Colleague: 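Below is the structure I would like to discuss, written out as structure tokens.
Computed from a predicted structure; not experimentally measured.
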Amino acid sequence: MSNQAVEVEILGKLTRVNCPEGQEESLIEAAQDLDDRLREMTSKTKVTNEVQLLTIAALNCCYELKQTSKVSKNQQSELFEKVEKLSDSLEQALSKVRSAS
């Protein structure tokens, strides 16, 4: 699969970024999300230094990703427990049916 160069705009600056073919729209959406976050942070914090803005945005994204990962792991663990209980219940039901036959 080849890479495609996509031009994105972040804080008024155009940047060409390579991405896998077929992923251009996702990259553009991600760039728009980053731009929105940076602009929102600029208005809320009055920080204008781009390096500081990008550092804060990167930390926020990492934090959100970590939180989402924790939630996903918890949900996966809960689902595994439910499947185990269901499996045990099925085994007990099958055992009763076999012994009744």
Side-chain angles (χ1 to χ4, degrees):
M1 191 178 264
S2 64
N3 284 339
Q4 298 292 322
V6 176
E7 198 167 79
V8 296
E9 184 175 347
I10 299 172
L11 292 178
K13 295 180 180 174
L14 293 176
T15 304
R16 291 183 68 76
V17 181
N18 287 330
C19 73
E21 189 174 334
Q23 298 297 312
E24 298 89 355
E25 190 63 35
S26 293
L27 175 62
I28 291 168
E29 288 174 8
Q32 183 61 54
D33 181 48
L34 177 59
D35 188 60
D36 292 344
R37 287 171 181 251
L38 292 170
R39 289 182 188 283
E40 182 180 341
M41 285 173 29
T42 300
S43 67
K44 284 184 178 179
T45 65
K46 304 301 182 214
V47 174
T48 56
N49 181 300
E50 288 182 14
V51 172
Q52 287 179 325
L53 283 171
L54 290 167
T55 300
I56 294 167
L59 287 171
N60 287 340
C61 288
C62 288
Y63 174 78
E64 291 170 13
L65 182 61
K66 199 76 154 157
Q67 292 303 100
T68 301
S69 179
K70 284 180 183 179
V71 168
S72 178
K73 285 179 183 177
N74 288 341
Q75 289 173 338
Q76 187 177 19
S77 179
E78 289 172 9
L79 184 58
F80 181 77
E81 288 176 24
K82 289 178 182 179
V83 168
E84 286 292 313
K85 287 179 182 179
L86 181 59
S87 179
D88 289 344
S89 295
L90 288 172
E91 285 295 327
Q92 290 174 4
L94 283 172
S95 182
K96 287 179 184 178
V97 168
R98 287 182 187 135
S99 63
S101 299

Colleague: How about Asp36 and Gln32: does a side-chain donor come under 3.5 Å of a side-chain acceptor?
Modeller: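 Yes - a donor-acceptor pair under 3.5 Å links their side chains.
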Colleague: For Val6 versus Ile28, what's the shortest heavy-atom pair and its separation?
Modeller: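 Heavy-atom minimum between the residues: CG1-CG1, 3.7 Å.
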Colleague: Got a sec, which residues hit side chain to side chain contact (heavy atoms under 4.5 Å, CB included) with Leu54, two or more places apart in sequence or on another chain?
Modeller: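 Testing Leu54 for side chain to side chain contact (heavy atoms under 4.5 Å, CB included), a comparison that skips the adjacent residues, returns Leu38.
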Colleague: If you round to the nearest 0.5 Å, how far is OG of Ser99 from CG of Leu94?
Modeller: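 Leu94 atom CG to Ser99 atom OG measures 10.5 Å (nearest 0.5 Å).
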Colleague: Do Asp35 and Leu11 come within less than 4.5 Å of each other through their side chains, counting heavy atoms only?
Modeller: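 The answer is yes, as the side chains (C-beta and beyond) meet within the 4.5 Å cut-off.
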Colleague: Which residues satisfy the salt bridge (Lys or Arg N to Asp or Glu O under 4.0 Å) test with Glu91, sequence neighbours excluded?
Modeller: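 So Glu91 forms no salt bridge (Lys or Arg N to Asp or Glu O under 4.0 Å) with any residue.
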Colleague: Does atom CD of Glu64 have more than 12 heavy-atom neighbours, drawn from other residues, nucleotides or ligands, at distances under 6.0 Å?
Modeller: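 For Glu64, atom CD is crowded (more than 12 foreign heavy atoms under 6.0 Å).
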Colleague: Would you call Asn3 and Pro20 a side-chain contact if the rule is heavy atoms closer than 4.5 Å?
Modeller: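 Yes. Closest side-chain heavy atoms under 4.5 Å.
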Colleague: Any side-chain heavy atom of Thr45 sitting closer than 4.5 Å to one from Gln52?
Modeller: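 No, too far: nothing below the 4.5 Å cut-off.
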Colleague: Distance-only, no hydrogens or angles: does the Ser72 side chain make a donor-acceptor pair with backbone N or O of Thr68 under 3.5 Å?
Modeller: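 Here the side-chain-to-backbone pair does not exist.
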Colleague: Do any N or O atoms from the side chain of Glu24 and from the backbone of Gly22 form a donor-acceptor pair under 3.5 angstrom?
Modeller: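 Looks like yes, one N/O pair under 3.5 Å.
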Colleague: Got a second to check how far Asn60's CG is from Met41's CE, nearest 0.5 Å?
Modeller: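 Separation between the atoms: 6.0 Å.
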Colleague: Shortest non-hydrogen contact from Arg16 to Ala5?
Modeller: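 Smallest heavy-atom distance, with atoms named: NH2-CB, 3.2 Å.
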Colleague: Just verifying a value: how many Å separate Cys62 SG and Gln67 CD, rounded to the nearest 0.5 Å?
Modeller: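 Spacing of SG (Cys62) from CD (Gln67) equals 12.0 Å.
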Colleague: Side chains of Ile10 and Thr15: does their closest heavy-atom pair fall under 4.5 Å?
Modeller: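 A side-chain contact is absent here, since even the closest heavy-atom pair is not under 4.5 Å.
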Colleague: Give the other cluster members for Leu65, using side-chain heavy-atom distances under 4.5 Å between Ile, Leu, Val, Met, Phe, Trp and Tyr residues; answer none if it is isolated.
Modeller: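 Joined to Leu65, directly or through intermediates: none.
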Colleague: When you compare the side chain of Ser43 with that of Arg39, does any pair of heavy atoms fall below 4.5 Å?
Modeller: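 Side chain of Arg39 against side chain of Ser43, heavy atoms only: no contact under 4.5 Å found.
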Colleague: Rounded to the nearest 0.5 Å, how far apart are OG of Ser87 and CD of Gln92?
Modeller: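 So the gap between those two atoms works out to 10.0 Å.
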